Amino acid sequence: MENETISKNFIEQIIEKDIEEGHCKVVKTRFPPEPNGYLHIGHAKSILLNYGLAQEYHGQFNLRFDDTNPTKEDIEFVESIKKDVEWLGADWEDRLFFASSYFDQMYEYAVKLIKKGKAYVCDLTPDEIREYRGTLTQPGKNSPYRDRSVEENLELFENMKNGMYEDGSRVLRAKIDMASPNINMRDPIIYRVAHMTHHSAGDKWCIYPMYDFAHPIEDAIEGITHSICTLEFEDHRPLYDWVVRECEFENPPKQIEFAKLYLTNVITGKRYIKKLVQEGIVDGWDDPRLVSIAALRRRGFTPESIKMFVDLVGVSKANSSVDYAMLEYCIREDLKLKAKRMMAVLDPVKLIIDNYPEGQIEYLDVPNNQENEEMGTRKVPFGKVLYIEREDFMEEPPKKYYRLFPGNEVRLMSAYFVKCESFVKDENGVITEIHCTYDPETKSGSGFTGRKVKGTIHWVCADTAQEVEARLYENIVDEEKGVYNEDGSLNLNPNSLTVLKSCYVEPSFSDAVAGDSFQFVRNGFFCIDTKDSTKEHLVFNRIVSLKSSFKING
Ligand code: ATP
Ligand code: MG
């Protein structure tokens, strides 16, 4: 960064004040995913924010699975989430935790609240509880069970734990204030009866803590100093503070809210993605058109590009949507100097050099990245028959078309000048061959200055080329119409995937492995697909084209 005095975001300001005033010795943050789905780009922001703060202040970062809700969790997601967090570079070291391992302590804290007269068992039905809660404009009413004695509450709560009551028949509530202007403070439920098997606690429990009670306790047990969450929890903060205060934690954690990251015209909702997967519209949760972290990885995004993106977006208190083009800008920036630039022809037509010796193959020196000399050069075979892009030839060119047309001369990138002499069409009028002559004097790097040409095109030598598949992507939803129709269905873009089965690449890919990325000159950045590609049949995902509609200010 040129500018040394980067201004601190509001979370950094809070942390620095806490350190200065002696409220916090070691900064401890956490990422607390619920293992009920794959992580997406929004979660990446939360992960990198929490991890980044721990790094910045030489603190600690915990990965904690918030698995207190037995209905939704799935062990499959635990593994995928760990993989994604690790891939992003957020290292939790030995601090991997599961909220369910605190169930005993949570129960004890609930008992403590009862003993302090701060919690009671309530027998109202769910509907009655809702009715008693009041509205935004009207205060609530006290439950008739609010003034039960401590002894009675202790006994009933223990009965709840021992499975004596049906689901929904009784709850434990915090005794706060039914007239509070903040509805979250109107005696919120902190434990419910649910006869369900938990993926790790098994059948030990038939009562489960509610999120607003469990989360602050999890944070406090782990000694989290700054519990960073998204804006929708702002109204829950008084309850968070109430729980850690009434449970009498020393050095309680502080909740800080920031705005969620939203991308325009992408699908992140689990419900929608599930449907797309089930209907076979996408190829799983990691389909490269999605923005789950697994999908971004498969598409060819790098952790560095995602970090750059998250940094550019910044941290704020106001919700807003960020254009997908900004994410594309970041991957282009990241790969620009890192990725090898290879020649690949996506829509091939044959070019035959009539005056080039039959059967001869020569090996030309081609730079691996014109902008980064350190990447060196490689040998690329050249011969009499080449493939070029169909769009690089026109029988009747418009003005300012500088590529091949009858009589015109162009440079074959890193090779020779060729002049178009004739072409062949099949019975349907499709061009099948373009015939040229080449000038041996014009070899690239030979210092030839005799004449100039206006166009340069790329090519692949037909005899040595490898046939590969390329998958080109567009946004999965129609950008003009937006993500959803009025009825809530998705506005899918029918052209979101184009599969090109007969593309040709130079033979330099023999060492390439799944996940490797390249620039295909003029065609964009591509990544070898980790699911479908094999050594014999390479499959490339286009990460992004080379042209950008996105500009960074300044
Ligand atoms: P979703 O419903 O989109 O899957 P979630 O909030 O249910 O999200 P959690 O597993 O509960 O997912 O979230 C884990 C953490 O990620 C939470 O701290 C949450 O605030 C944060 N998070 C979730 N979505 C975003 C987002 N779009 N931007 C930033 N942080 C997010
Ligand atoms: Mg959630």
Side-chain angles (χ1 to χ4, degrees), residues 34 36 66-73 99-100 103 106-107 109-111 113-114 116-198 201 203-217 229-243 246 269-271 487-488:
E34 207 180 326
N36 65 353
D66 209 333
D67 59 350
T68 52
N69 186 353
T71 40
K72 290 196 218 138
E73 284 126 16
S100 58
F103 278 158
M106 289 174 189
Y107 180 79
Y109 282 112
V111 169
L113 292 182
I114 295 173
K116 290 175 74 175
K118 298 286 184 180
Y120 62 97
V121 174
C122 181
D123 306 356
L124 292 178
T125 65
D127 282 341
E128 287 167 336
I129 289 182
R130 209 168 302 125
E131 219 173 281
Y132 275 64
R133 191 179 291 136
T135 64
L136 285 172
T137 49
Q138 278 178 327
K141 277 193 301 191
N142 283 354
S143 159
Y145 305 100
R146 199 172 198 262
D147 294 317
R148 275 178 164 154
S149 69
V150 169
E151 290 66 35
E152 192 184 358
N153 279 319
L154 285 174
E155 191 187 326
L156 290 172
F157 188 49
E158 193 169 348
N159 291 345
M160 275 172 67
K161 182 182 90 160
N162 290 336
M164 293 173 60
Y165 309 129
E166 310 240 300
D167 289 7
S169 61
R170 282 192 164 92
V171 292
L172 185 71
R173 301 177 68 174
K175 196 181 203 174
I176 308 179
D177 178 8
M178 288 306 292
S180 169
N182 183 338
I183 292 189
N184 296 304
M185 299 297 272
R186 295 184 190 167
D187 292 9
I189 298 170
I190 59 180
Y191 260 97
R192 67 193 166 114
V193 178
H195 292 267
M196 282 189 284
T197 304
H198 187 273
D203 291 321
K204 176 172 176 188
W205 297 92
C206 62
I207 55 170
Y208 290 97
M210 303 302 286
Y211 181 88
D212 280 337
F213 175 68
H215 201 84
I217 294 179
C229 64
T230 44
L231 227 44
E232 72 272 23
F233 290 100
E234 197 167 20
D235 291 344
H236 297 240
R237 187 173 357 121
L239 179 52
Y240 185 101
D241 291 341
W242 184 93
V243 172
E246 294 300 341
K270 286 169 203 149
R271 197 160 53 92
D487 64 0

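Please read these numbers as outputs of a predicted model, since none were measured by experiment.
Smallest separation of non-hydrogen atoms from Ala179 and Pro139: CA-CB, 4.0 Å. Pairing each heavy atom of Asn182 with each of Asp235, the nearest pair is ND2-O, 2.8 Å. Taking each heavy atom of Asn153 and Ala119 in turn, the nearest pair found is ND2-O, 3.8 Å. Taking each heavy atom of Asp66 and Glu34 in turn, the nearest pair found is O-CG, 3.5 Å. Nearest heavy atoms, Pro70 versus Arg192: CD-NH2, 3.8 Å. Between Met160 and Leu172, the shortest heavy-atom distance links the atoms CE-N, 3.8 Å.
Neither side chain, Tyr208 nor Asn69, offers a donor N or O lying under 3.5 Å from an acceptor on the other.
When side chains are defined from C-beta on, Asp212 does not count as touching Ile190, because their heavy atoms never get closer than 4.5 Å. Contact of the Met106 side chain with the Trp205 side chain is not registered, since no non-hydrogen atoms from C-beta on lie closer than 4.5 Å. In this structure the side chain of Arg170 reaches within 4.5 angstrom of the side chain of Leu156, judged on heavy atoms. Looking only at side-chain heavy atoms (C-beta outward), Val243 and Ile217 come within less than 4.5 Å of each other.
Formation of a donor-acceptor pair under 3.5 Å by the Arg186 side chain with backbone atoms of Thr135 is found in this model. For the pair Glu128 (side chain) and Thr125 (backbone), a donor-acceptor distance under 3.5 Å is present. A donor-acceptor contact shorter than 3.5 Å links the side chain of Asp67 to the backbone of Ala99. For Lys116 (side chain) and Glu246 (main-chain N/O), a donor-acceptor pair under 3.5 Å exists by modelled atom type.
Considering Asp187, Asp123, Asp177 in turn, Asp187 is the only one that fulfils the salt bridge (Lys or Arg N to Asp or Glu O under 4.0 Å) rule with Arg146.
Between Tyr240 and Phe233, a ring centre-to-centre spacing not shorter than 6.0 Å is recorded. Aromatic pair Tyr191/Phe157: centroids less than 6.0 angstrom apart.
Taking the ring centre of Phe103 as origin, the terminal cationic atom of Lys204 falls outside the region bounded by 6.0 Å and 45° from the ring axis. Judged by the 6.0 Å distance and 45° axis criteria, Arg173 is not positioned over the aromatic ring of Tyr120.
Taking the six-membered ring where tryptophan is involved, the planes of His215 and Tyr211 are essentially parallel, since the angle between them stays under 30° and well short of 60°.
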